Amino acid sequence: MYNLLLTVFLIVSVILIVCVMMQPAKNNSDAMSALTGGAGDLFSRRKARGFEAVMQIATTVFGAIFFLLALALVYLSSH
């Protein structure tokens, strides 16, 4: 049981890394924002759509699975 969980844990770890790396960058800290007083940031906080939304959901799901598997592995290794 422990070996099966460890194998699934490693697979989920790789998938989680891929999900995080595929998310688009959201760095909007350019010099124009400082010069204009941040007026361009008015509409920058929009809801993610399409690919961004799918990657955010996938990252959240695989992060939760990663956490639960880590807890299960710790429990099994201590007993």
Side-chain angles (χ1 to χ4, degrees):
M1 182 69 169
Y2 182 79
N3 289 332
L4 176 68
L5 280 179
L6 187 61
T7 304
V8 173
F9 183 73
L10 292 174
I11 292 170
V12 169
S13 300
V14 171
I15 293 172
L16 183 60
I17 290 170
V18 169
C19 286
V20 169
M21 295 301 289
M22 287 181 63
Q23 289 187 0
K26 293 183 180 179
N27 54 354
N28 212 8
S29 59
D30 54 356
M32 285 304 290
S33 179
L35 293 175
T36 60
D41 294 338
L42 181 62
F43 298 108
S44 67
R45 296 192 187 260
R46 58 183 169 83
K47 189 174 181 180
R49 297 178 186 210
F51 180 72
E52 292 179 12
V54 171
M55 292 312 298
Q56 284 181 356
I57 292 170
T59 303
T60 304
V61 168
F62 283 110
I65 293 171
F66 177 85
F67 183 72
L68 292 174
L69 283 173
L71 289 176
L73 285 170
V74 167
Y75 178 77
L76 287 177
S77 68
S78 67
H79 284 82

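It should be emphasised that the depicted structure is a prediction, and the values quoted were computed from it without experimental measurement. Along the sequence shown, residues are numbered consecutively beginning with 1.
Scanning for side-chain contact (heavy atoms from CB on, under 4.5 Å) contacts around Val61 gives Ile57, Ile65, with sequence neighbours left out. For the side chain to side chain donor-acceptor pair (under 3.5 Å) test, no residue two or more places apart in sequence or in another chain qualifies with Gln56.
Annotation: the span from Ile15 atom CD1 to Thr59 atom OG1 amounts to 11.5 Å, rounded to 0.5 Å. Rounded to the nearest 0.5 Å, atoms CE (Met55) and CD (Gln23) are 6.0 Å apart.
Cluster annotation: Leu4 and Leu10 are assigned to distinct hydrophobic clusters (Ile/Leu/Val/Met/Phe/Trp/Tyr, side-chain heavy-atom contacts under 4.5 Å, transitive). Leu16 and Leu6 end up in the same hydrophobic cluster when Ile, Leu, Val, Met, Phe, Trp and Tyr side chains are linked at under 4.5 Å.
Sequence neighbours left out, the pairs with a member in residues 52-74 that pass ring-ring contact (aromatic ring centres under 6.0 Å, His included) are Phe9-Phe66.
With side-chain heavy atoms closer than 4.5 Å counting as contact, directly or through intermediates, the hydrophobic cluster containing Met21 also holds Ile17.
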Compile the donor-acceptor pairs under 3.5 Å between side chains in residues 68-79 and protein atoms, sequence neighbours left out, one pair per line.
from  : atom 1 : to    : atom 2 : distance (Å)
Ser77 : OG     : Leu73 : O      : 3.2
Ser77 : OG     : Val74 : O      : 3.0
Ser78 : OG     : Val74 : O      : 3.3
Ser78 : OG     : Tyr75 : O      : 3.0
His79 : ND1    : Tyr75 : O      : 3.1

